[in-house]
Amino acid sequence: MSFEETKKLANGSSIPRLGLGVWQVKDGDEAVDSVKWALETGYRLIDTAAAYKNEASVGEGIRQTGIPRDEIFVTTKLWNADQGYESTLQAFDESLAKLQLDYVDLYLIHWPVEGKYKDSWRAMEEIYQSGRAKAIGVSNFHEHHIEDLLTTAKIVPMVDQIEIHPTLTQEPLRKFLAANKIAVEAWSPLGQGKILANPTLIEIGKKYHKTAAQVIIRWHLQSDIIVIPKSVHQDRIEQNFDVFDFALTQEDIKQIDQLNTNERLGPDPENFDF
């Protein structure tokens, strides 16, 4: 694989830079088909979570392709209600059982639940040491959450999955993560579709005969961000993967960076109530 296609995590394992996210993908045929189409297209990273309630179908989609397990990178996440030491161990077992896998490639704490994430992390360190999660990390953690976690953690999170798209570039947090060798992964990388009509993105796309979505995905890749666009449409899944045959210029990247308005589309990790 070329540099573009995988990134080395701090523990030496490799994660594909482009994957399929399955947030809001319905359990059953929709999830099974999306995963199958993605893997048949060439994706090798599938990102799910206990909260998405589609782990069983994700596992089924993986099995139906017949692609060897060690060629696929599977991520799932610990839900907020399951945080705490014992409950994390139990929740992880439940996720593995639903996925029908012996291990996951990455296990993440989904949100920084105050007073609980340190105990959850202790359990995750044990899961990692057991080899049943090949890497562990966090999601939606701000700088201060990670600094707090590091006061007791034995292992530094390998990934922080956060909301990133051209109108929320999160540059200060990304710099902090890079300095701590924590890989950055973007959820809602296409801004939930709300920025696909942006004239700047459309104009840049015209130069390369690419869509605004393809330009955004390429921007993530060239900004050293792991990216997991979600789609349940086969043609869109294929299109989102067709981004390895062109490169944005530094000028393009600068123009896209300038679209930042610090606008969140999802909940703010500073004040969420779920």
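Using a 4.0 Å cut-off between charged side-chain N and carboxylate O, Asp119 and Lys116 make no salt bridge.
Trp23 and Val32 are not part of a single hydrophobic cluster, where members link through side-chain heavy atoms under 4.5 Å apart. Two different hydrophobic clusters hold Leu106 and Trp187 under the rule that ILVMFWY side chains link at heavy-atom gaps under 4.5 Å. Neither Trp121 nor Val113 shares a network with the other; the hydrophobic side chains, linked directly or stepwise wherever heavy atoms of I, L, V, M, F, W or Y lie under 4.5 Å apart, form separate groups for each. Cluster annotation: Leu96 and Tyr85 are assigned to the same hydrophobic cluster (Ile/Leu/Val/Met/Phe/Trp/Tyr, side-chain heavy-atom contacts under 4.5 Å, transitive). In the hydrophobic clustering of this structure, Ile195 groups with Val227; members are Ile, Leu, Val, Met, Phe, Trp, Tyr whose side-chain heavy atoms approach within less than 4.5 Å, directly or through other members.
In this structure, Glu125 contributes its side chain and Ala153 its backbone to no donor-acceptor pair below 3.5 Å. For the pair Thr88 (side chain) and Gln83 (backbone), a donor-acceptor distance under 3.5 Å is absent. Between the His220 side chain and the Pro189 main chain, a donor and an acceptor come within less than 3.5 Å of each other. With hydrogens and angles ignored, the 3.5 Å screen pairs a side-chain donor or acceptor of Lys210 with a backbone N or O of Asp242. One N or O on the side chain of Ser130 and one on the backbone of Ile127 form a donor-acceptor pair closer than 3.5 Å. At least one donor-acceptor pair under 3.5 Å links the side chain of Gln170 to the backbone N or O of Glu163. Under a 3.5 Å cut-off, the side chain of Asp105 and the backbone N or O of Thr75 do not form any donor-acceptor pair. Here the side chain of Arg17 pairs a donor or acceptor atom with the backbone of Thr6 at under 3.5 angstrom. Between the side chain of Glu40 and the main chain of Thr65, no donor-acceptor pair closer than 3.5 Å is present. In this structure, the side chain of Arg69 engages the main chain of Tyr103 through a donor-acceptor pair within 3.5 Å.
Using modelled atom types and a 3.5 Å distance limit, the side chains of Asp273 and Asn271 yield no donor-acceptor pair. A side-chain donor from one of Asn54 and Thr48 sits under 3.5 Å from a side-chain acceptor of the other. Side-chain contact annotation: Gln64 with Glu60, donor-acceptor N/O pair under 3.5 Å present. A side-chain donor from one of Gln161 and Asp47 sits under 3.5 Å from a side-chain acceptor of the other. The closest side-chain donor-acceptor pair between Tyr43 and Asn240, if any, does not fall under 3.5 angstrom. With no hydrogens or angles considered, a side-chain donor-acceptor pair links Trp219 and Asp257 at under 3.5 Å. A donor-acceptor contact under 3.5 angstrom links the side chains of Thr151 and Lys118, judged on distance only.
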Determine, stepwise, if the pair Leu201 / Ile256 fulfils side-chain contact (heavy atoms from CB on, under 4.5 Å).
-> CA-CA 7 Å; Leu201 297 169; Ile256 298 169; 3.9 Å; yes
Could you check Glu263 against Leu168 for side-chain contact (heavy atoms from CB on, under 4.5 Å), going step by step and ending with a plain yes or no?
-> CA-CA 6 Å; Glu263 182 204 352; Leu168 182 71; 5.8 Å; no
Apply side-chain contact (heavy atoms from CB on, under 4.5 Å) to the pair Leu20 and Thr41, showing each step before the final yes or no.
-> CA-CA 11 Å; Leu20 178 78; Thr41 299; over 6 Å; no
Determine, stepwise, if the pair Lys77 / Asp82 fulfils salt bridge (charged side-chain N to carboxylate O under 4.0 Å, His left out).
-> CA-CA 10 Å; Lys77 308 178 195 81; Asp82 297 323; over 6 Å; no
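In this structure the side chain of Arg174 reaches within 4.5 angstrom of the side chain of Ile164, judged on heavy atoms. Residues Asn180 and Ile146 are not in side-chain contact: their nearest non-hydrogen atoms beyond the backbone lie 4.5 Å or more apart. Looking at Lys206 and Ile202, their side chains come closer than 4.5 Å, going by heavy atoms from C-beta outward. Using a 4.5 Å heavy-atom cutoff, the side chains of His144 and Pro269 are not in contact.
Using bins of under 30°, 30° to 60° and over 60° for the plane-to-plane angle, the ring pair Phe141/His145 lands in the perpendicular bin. Ring geometry for Phe241 against Phe244 counts as perpendicular: the plane angle is over 60°, on a 0 to 90° scale with 30° as the lower cut. Taking the six-membered ring where tryptophan is involved, the planes of Tyr208 and Phe246 are tilted, since the angle between them lies from 30° to 60°. Ring geometry, Phe272 versus Trp111: the interplanar angle falls from 30° to 60°, so the pair is classed tilted.
Rounding to the nearest 0.5 Å places CZ of Arg218 at 10.0 Å from CG of Leu18. Put simply, CG on Asp70 and CZ on Arg44 are 11.0 Å apart, with the number rounded to the nearest 0.5 Å. Residue Asp160 holds its CG atom at 11.0 Å from CD of Glu143, rounded to the nearest 0.5 Å. Within the model, atoms CD of Glu185 and CG of Leu108 stand 6.5 Å from one another, a figure rounded to the nearest 0.5 Å.
For Arg132 and Tyr107, the positive end is not near the middle of the six-membered ring at less than 6.0 Å and at most 45° from its axis.
Around atom NZ of Lys207, more than 12 heavy atoms belonging to other residues, nucleotides or ligands sit under 6.0 Å away. Within 6.0 Å of the CD atom in Gln250, the count of heavy atoms belonging to other residues, nucleotides or ligands does not exceed 12.
Annotation: Trp79 is in aromatic contact with Phe274 [ring centroid separation under 6.0 Å].
When all heavy atoms of Pro229 and Leu190 are compared, the pair lying nearest together is CB-CD1, 4.1 Å.
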